[in-house]
Asks: 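One structure follows; several queries about it will come next.
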Amino acid sequence: MRTRDMNTWRQRRPGPHRVGRAALVWAVAYAGFGLACVLSGTSLLHIGGDGTGLGPAWAVVAVGMTAALISAAVVRYGMRPALRVPLLSACALTGVMAFSLLMDVITLMAGQGVDSWASTVNKALAAAGAVLLAATARSDRVTAVTAVPTGTAAPKPSAAPRSVQLAAWAGTLAFLPYAAMKTHWASGGTFAGVTGEEMLAVSERNGASGIFLTLESWGLDPTALLALLGVFLLWGLVRPWGQAFPRWTPFLRGRRVPRGLPLAPALLGAATLAPYGVVGIGYLALVTAGAVTMGRGDFPSEGDALLVAWIGITAFAVYGVALVVAARSYWLRTRPAA
């Protein structure tokens, strides 16, 4: 029964023309979004809260039109090998456009406002486009696989190799200074020249929600709690209980964990946090060396701001890389065996 259901599901998966049409509709809409931002003078890239002009909006128009032309060719001629490289190139460009989407999601989950809603919408559209373009590039392979039904079986739950688990430990330990700093502020302490009360006032000024402020008043920082969830996800990717629900989960114990349940947030987090952290470390290294300057923001001095930035960016960088390693291991360990 399981094999029959699997084959039926495979046969219902969209073919190259259907997914190509979806990518074409997205590309036209994405280019239209960019053009609307150009005509309205809306900036899609904000650094330090300030817009950087219409260059990014024009880039969205260019990427959308290019993706539309390639998708139209796929719809017209099918997924030819000559179209795969430009299609994957457009997929990579849209992935760059979605850079730091997860940071905006975390900001919203923490009850604070983003720098620009237009910028956040652009990142969300770009992320959706990257998925559609990647699916289009693989659509011919899916068709080839489903043409010959085969039985599959889910592998037994297993732990990741030792090297992957060491990466998970590194990602966990990297968050400890960040969580300690945020919790110290939430409990009323002073760090980097800023008191807990001043940090709470900054959160209010940035539009933090009532839930966020309430948790802060209880000494619980929401971003530290989100970091805890991130660590939980990381270990779920490397331990057997990430493949089968453990005994301490009522009503689900022993059942298989849907493969996409941990992989979806893991891939989104890896695609955002790893480049965000690595690029951020490069920038902070330049600031530390005196090659560039960094504003002090809400801190008494640039040195205080730099200290806090190093703690946060290092956590994101190490955790992001660990998430990449763990997600790849989970992907390989949970592939259905023929």
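Residue numbers run from 1 in the order of the sequence given.
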Asks: Please name the pair of heavy atoms, one in Ile313 and one in Gly280, separated by the smallest distance, quoted to 0.1 Å.
Replies: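 It is CG2-C, 3.6 Å.
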
Asks: Please tabulate, for the side chains in residues 85-98, all donor-acceptor contacts under 3.5 angstrom to protein atoms that are two or more places apart in sequence or on a different chain.
Replies:
from  : atom 1 : to    : atom 2 : distance (Å)
Ser89 : OG     : Val85 : O      : 2.9
Thr94 : OG1    : Ala90 : O      : 3.2
Thr94 : OG1    : Cys91 : O      : 2.7

Asks: Which distance, rounded to the nearest 0.5 Å, do you find between the NZ of Lys156 and the CD of Gln243?
Replies: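 It is 12.5 Å, given to the nearest 0.5 Å.
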
Asks: Step through the shown structure and confirm whether more than 12 heavy atoms of other residues, nucleotides or ligands are within 6.0 Å of CH2 on Trp310.
Replies: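 More than 12 within 6.0 Å, yes.
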
Asks: Parallel, tilted or perpendicular: which one describes the rings of Phe191 and Trp185, with boundaries at 30° and 60°?
Replies: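 Rings of Phe191 and Trp185: perpendicular, as their planes differ by over 60°.
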
Asks: Quick one: do the Trp26 and Ser71 side chains pair a donor with an acceptor below 3.5 Å?
Replies: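 Distance-only check fails for Trp26 and Ser71.
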
Asks: Please report the closest heavy-atom contact between Ala160 and Ser329, naming both atoms and the distance.
Replies: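 Shortest heavy-atom separation between Ala160 and Ser329 comes out as CB-OG, 3.5 Å.
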
Asks: Return the CD1 to CE distance between Ile70 and Met65, rounded to the nearest 0.5 Å.
Replies: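 These two atoms lie 12.0 Å from each other.
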
Asks: Quick one: side chain to side chain donor-acceptor pair (under 3.5 Å) partners of Thr314, sequence neighbours excluded?
Replies: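 Applying side chain to side chain donor-acceptor pair (under 3.5 Å) to Thr314 gives none.
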
Asks: Can you name the nearest heavy-atom pair linking Ala31 to Val61, along with the distance?
Replies: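 Closest heavy-atom pair between Ala31 and Val61: O-CG2, 3.8 Å.
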
Asks: Evaluate the ring planes of Tyr178 and Phe316, with Trp represented by its six-membered ring, and classify them as parallel (under 30°), tilted (30 to 60°) or perpendicular (over 60°).
Replies: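 Rings of Tyr178 and Phe316: tilted, as their planes differ by 30° to 60°.
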
Asks: Taking all heavy atoms of Lys182 and all of Ala224, pick out the closest pair and write down the distance.
Replies: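 For Lys182 and Ala224, the tightest heavy-atom pair comes out as CB-CB, 4.5 Å.
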
